[in-house]
Participant: 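Handing you this structure, nothing more for now.
In the text below, chain A, chain B and the rest are named by the order of the sequence lines, each starting its count at 1. When reading the values below, keep in mind they use all heavy atoms of this one structure, side chains included, and skip hydrogens, waters and symmetry mates.
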2 protein chains.
Amino acid sequence: MFSNSDPIRRLSNYRRVLCKLRALGFERFVSDNLGGALDISPAQVRKDFADYGLTGNKKGGYDVRDLIEKLNKILGKNELQKIIVVGCGGMGRTLMGYNGFSGEGMKVVAGFDSNPSLIDPRAIIPIYDINDMPEYIQKEKIELAIMTVPESAASKVSEVLKGCHIKGILNFAPIMLKSSEECIIRNINIIHEMENIIYFARKIGNED
Amino acid sequence: MFSNSDPIRRLSNYRRVLCKLRALGFERFVSDNLGGALDISPAQVRKDFADYGLTGNKKGGYDVRDLIEKLNKILGKNELQKIIVVGCGGMGRTLMGYNGFSGEGMKVVAGFDSNPSLIDPRAIIPIYDINDMPEYIQKEKIELAIMTVPESAASKVSEVLKGCHIKGILNFAPIMLKSSEECIIRNINIIHEMENIIYFARKIGNED
DNA sequence: TAGATTGTTAATCGATTAACAATC
DNA sequence: TAGATTGTTAATCGATTAACAATC
């Protein structure tokens, strides 16, 4: 069911570039333009567009605004996406304070933690006791969560979230949670990203 | 030259699982074990091992400690990896304070920012003026950087880092920086990760 | 030994790219 | 119209998997 997440990643990148083109006043573009900006072949761009029903014009290329509109629909930009942050340590609070969500149709509506000293229901983005999370999720119809708990808590918390019928989790804990039919999970493992960089960086010569 | 980063990601995952096995007292494992823990086929595990010179024993499988040792070598775990954080806003400071690096052979040795009020050369992990960065990189032979600057500064800062012969960058700014022969770059785009999750989450039915 | 597992090759699968007819 | 670009199909490429001989 989950096939490949790469095409959707490319759609996100296409959209970002097109928003910039729009801001610069461009009205049309061709597959070659867009691909070039992202190191993607024009054939790949056209294939992706075909796969997701994005059409252009033989000759004139594609309409910037039209394409953004269609990408918005595909990527769920037309309805506000409510997100909860589970685990309000350093990373959790940083993400709660991240101001990049609001321009992208996303909003962190609450945080949850087990540490009483972090709980603050009166804050602009309230932080509640994690025991109150299931009720909140149900009442507010939350479908998306960002998990920023310590590794020790990660499996348990992910089970609770799944039990609450959360549909999507962005997991920052250093443990590979697997997606299922009921819940799509993406893992961000900063240590592994650094290991990857280190592996390839070590292959770069020292002769400068 | 950069082929595919996926095999190395799998090696990171293998290593993490093996460290857990070791902690649990396991001495040996078979490709089936390891694959099962990560949703990877045993054939893929053996293929990866073959590709990176990791050998086992026909019959008895593989030795946990031996494999970890070999993976450590491949992933650069045997020498301390010094990292600088460029951009000391919320995300930058969170990463500077992240205590997961030290157990993994990595250390954030300094931060850099252009905002005078953030500069603090006396801190445990000092924060210096970004203008002093090139000198610091050269003197301390820094090869790795984490970029947590605003989008508006991202291209410029990445150019400066490349100019300083930094070999690897983990970029959190919402702009797709491309790797080159001299500098390997990995981009983490939280908005795009959420868009990906939202796309697939929306395909999950509402009938519960 | 018999059974189990590796290491490796060949087959399969899927994703990317090349090529080109359609057409604006 | 001539030239340029899409949309799509077929070819290519590379990664994953199946299968099995080697062997512990």
Participant: One thing to verify: whether A:Arg10 and A:Asp6 come together as a salt bridge, which I'm taking to mean a side-chain N less than 4.0 angstrom from a carboxylate O.
Facilitator: no
Participant: Rounded to the nearest 0.5 Å, what separates atom CD1 in B:Ile130 from atom CE in B:Met133?
Facilitator: 4.5 Å
Participant: Mapping B:Phe49 and A:Ile40 to their closest nucleotides on DNA chain C, which lands nearer the 5' end?
Facilitator: B:Phe49
Participant: Between C1' on D:dT6 and CG on A:Leu67, what's the gap in Å once rounded to a whole number?
Facilitator: 12 Å
Participant: Whole angstroms only, please: what is the CD1-C1' distance between B:Ile8 and D:dA15?
Facilitator: 15 Å
Participant: Using heavy atoms and a sub-4.0 Å distance, could you list which residues of residues 24-34 of chain A are near DNA chain C? By number, please.
Facilitator: none
Participant: Can you tell me which stems DNA chain C forms when a stem means 3 or more consecutive Watson-Crick or G-U pairs under 3.5 Å?
Facilitator: C:3-24 with D:3-24
Participant: I'd like to know if A:Lys77 and B:Glu195 make a salt bridge, using a cut-off of under 4.0 Å between side-chain N and carboxylate O.
Facilitator: yes
Participant: Between B:Arg16 and B:Glu104, does any NZ, NE, NH1 or NH2 come within less than 4.0 Å of an OD or OE carboxylate oxygen?
Facilitator: no
Participant: Which of parallel (below 30°), tilted (30 to 60°) and perpendicular (above 60°) describes A:Tyr62 and A:Phe29?
Facilitator: parallel
Participant: Please list every donor-acceptor pair under 3.5 Å in which a side-chain atom of residues 80-98 of chain A meets a protein atom from a residue at least two apart or in another chain.
Facilitator:
| unit_1 | atom_1 | unit_2 | atom_2 | d |
| --- | --- | --- | --- | --- |
| A:Gln81 | NE2 | A:Gly76 | O | 3.1 |
| A:Lys82 | NZ | A:Glu140 | O | 2.7 |
| A:Arg93 | NH1 | A:Cys88 | O | 2.8 |
| A:Thr94 | OG1 | A:Gly90 | O | 3.0 |
| A:Thr94 | OG1 | B:Thr94 | OG1 | 2.4 |

Participant: Under 6.0 Å from the NZ atom of A:Lys139, do we count more than 12 heavy atoms belonging to anything else shown?
Facilitator: no
Participant: Under 4.5 Å between any side-chain heavy atoms of B:Ser179 and A:Phe200, yes or no?
Facilitator: no
Participant: Roughly, in whole Å, what's the span from CG in B:Asn4 to P in C:dA15?
Facilitator: 13 Å
Participant: Map A:Lys47 and B:Lys47 onto DNA chain C by nearest heavy atom, then report which one ends up closer to the 5' terminus.
Facilitator: B:Lys47
Participant: What is the distance, to the nearest angstrom, from the CG atom on B:Asp6 to the P atom on C:dT16?
Facilitator: 11 Å
Participant: Students often get this wrong, so: under 4.0 angstrom with heavy atoms, is B:Tyr62 touching a base, only sugar-phosphate, or nothing?
Facilitator: sugar-phosphate
Participant: Once salt bridge (Lys or Arg N to Asp or Glu O under 4.0 Å) is applied, what residue pairs with a partner in residues 17-26 of chain B remain, sequence neighbours excluded?
Facilitator: A:Glu151-B:Lys20
Participant: What's the CG-P distance between B:Asp48 and C:dT8, to the nearest Å?
Facilitator: 14 Å
Participant: So if I define the base as every atom that isn't primed, P, OP1 or OP2, how would nucleotides 19-24 of chain D read as a B/S/- string at a heavy-atom cutoff under 4.0 Å?
Facilitator: B--BBB
Participant: Roughly how many Å is it from CG in B:Asp39 to P in D:dT17, rounded to a whole number?
Facilitator: 11 Å
Participant: By side-chain hydrogen bond (donor to acceptor under 3.5 Å, both in side chains), which residues pair with B:Asp63, not counting sequence neighbours?
Facilitator: none
Participant: Could you check whether atom CG of B:Leu24 has more than 12 heavy atoms from other residues, nucleotides or ligands sitting under 6.0 Å from it?
Facilitator: yes
Participant: Tell me whether the side-chain N/O atoms of B:Ser41 come closer than 4.0 Å to OP1 or OP2 in D:dT17.
Facilitator: yes
